[in-house]
Amino acid sequence: MAEEKKTNAAPAKAVTAVKKDDAKPGFFKRAAKWFREMKSELKKVVWPTPKQLLNNTVVSVVVMVASAIVLWGFDMLASGLVHALINIAG
């Protein structure tokens, strides 16, 4: 059986750290960067067509009206039950 030779890696050279300026950029530079990035992201958005927008709006309004009717019905039922219980007890 052959013995494996252990090789010692050369010690890492000391790296001199580069001193960075830790100061944050000014308010206007940060604001300008934010607006540039926002504009870039808005270009990637796939905007709906007017037909899709109308369809989605109609569906949303119909669902809201249906939900309002169901909630109104439950409210009226609960109100009737409370009044009936009050009349029975009183």
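Side-chain contacts under 4.5 Å among hydrophobic residues (ILVMFWY), followed directly or transitively, place Leu42 together with Trp34, Phe35, Met38, Val45, Trp47.
No side-chain donor-acceptor contact under 3.5 Å links Ser40 to the backbone of Arg36.
At least one side-chain heavy atom of Val63 sits less than 4.5 Å from a side-chain heavy atom of Ser67.
Taking CG of Leu81 as the start and CD1 of Ile86 as the end, the distance is 11.0 Å to the nearest 0.5 Å. How far NE2 of His83 is from CG of Asn87: 8.5 Å, rounded to the nearest 0.5 Å.
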